[in-house]
Structure formats: structure tokens, C-alpha cells
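Just so it is clear, the structure is predicted and the values come from calculations on it, not from any experiment.
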Amino acid sequence: GRYAGAALIANGDALEFQTLNGRWHNGPDGLVLDDNAPVVLEQAADHLRITAPNGVLVLRRQEIE
């Protein structure tokens, strides 16, 4: 598939807005973004946890009213 994302990154004392996009696939070795090494992807009903060498990202699905 394809992905697109945006984030506000703390870089030392400065904040930076970054965007990115590319291709992904979820294979037997984990989640692969572009041509990078696979990372661990764990899925639950309303959560995703991505564990990479530089940290852990937890995403939670929530309905906005």
C-alpha cells in the first residue's frame, strides 16, 4: 500500500513539522516502510504498536464526536 503522514518533531530546543510518504507492506518479518528493514507490528482491536530500534509507537483508534 501507500502511506502519508505528518508530525511535529522536537529537535533539541526547536520544533519541526515534517511530512513523509511512500510505500508499505506487512509481511512475515514485520512492517516494512519503503526499503527499510522490517519492524515489529503488533495489532489489537483498537491499538497498533510498532517497535523499532529507535523507539516504540502506539496508535489508538478513537471515534471523534
Which atom pairs, donor and acceptor, lie under 3.5 Å between side-chain atoms of residues 17-33 and protein residues at least two apart or in another chain?
residue, atom, partner, partner atom, Å
Q18, NE2, E16, OE1, 3.3
W24, NE1, R2, O, 3.4

Inset, instruction - Please step through side-chain contact (heavy atoms from CB on, under 4.5 Å) for the pair R49 and L57, ending with a clear verdict. - result: CA-CA 6 Å; R49 180 172 41 216; L57 172 66; over 6 Å; no

Inset, instruction - Give a yes or no on whether V39 and L59 share a hydrophobic cluster (residues Ile, Leu, Val, Met, Phe, Trp, Tyr; joining criterion: side-chain heavy atoms under 4.5 Å apart). - result: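 Both belong to a single hydrophobic cluster.
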
Inset, instruction - May I ask you to test the Q62-I64 pair for a side-chain heavy-atom distance under 4.5 Å? - result: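 They are not in contact (no side-chain heavy atoms under 4.5 Å apart), so the answer is no.
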
Legend entry - Minimum side-chain heavy-atom gap L41-L48 below 4.5 Å: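 The answer is yes; the side chains approach within 4.5 Å.
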
Legend entry - More than 12 heavy atoms of other groups within 6.0 Å of D46 CG: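 Yes - once you tally the heavy atoms of other residues, nucleotides and ligands closer than 6.0 Å, there are more than 12.
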
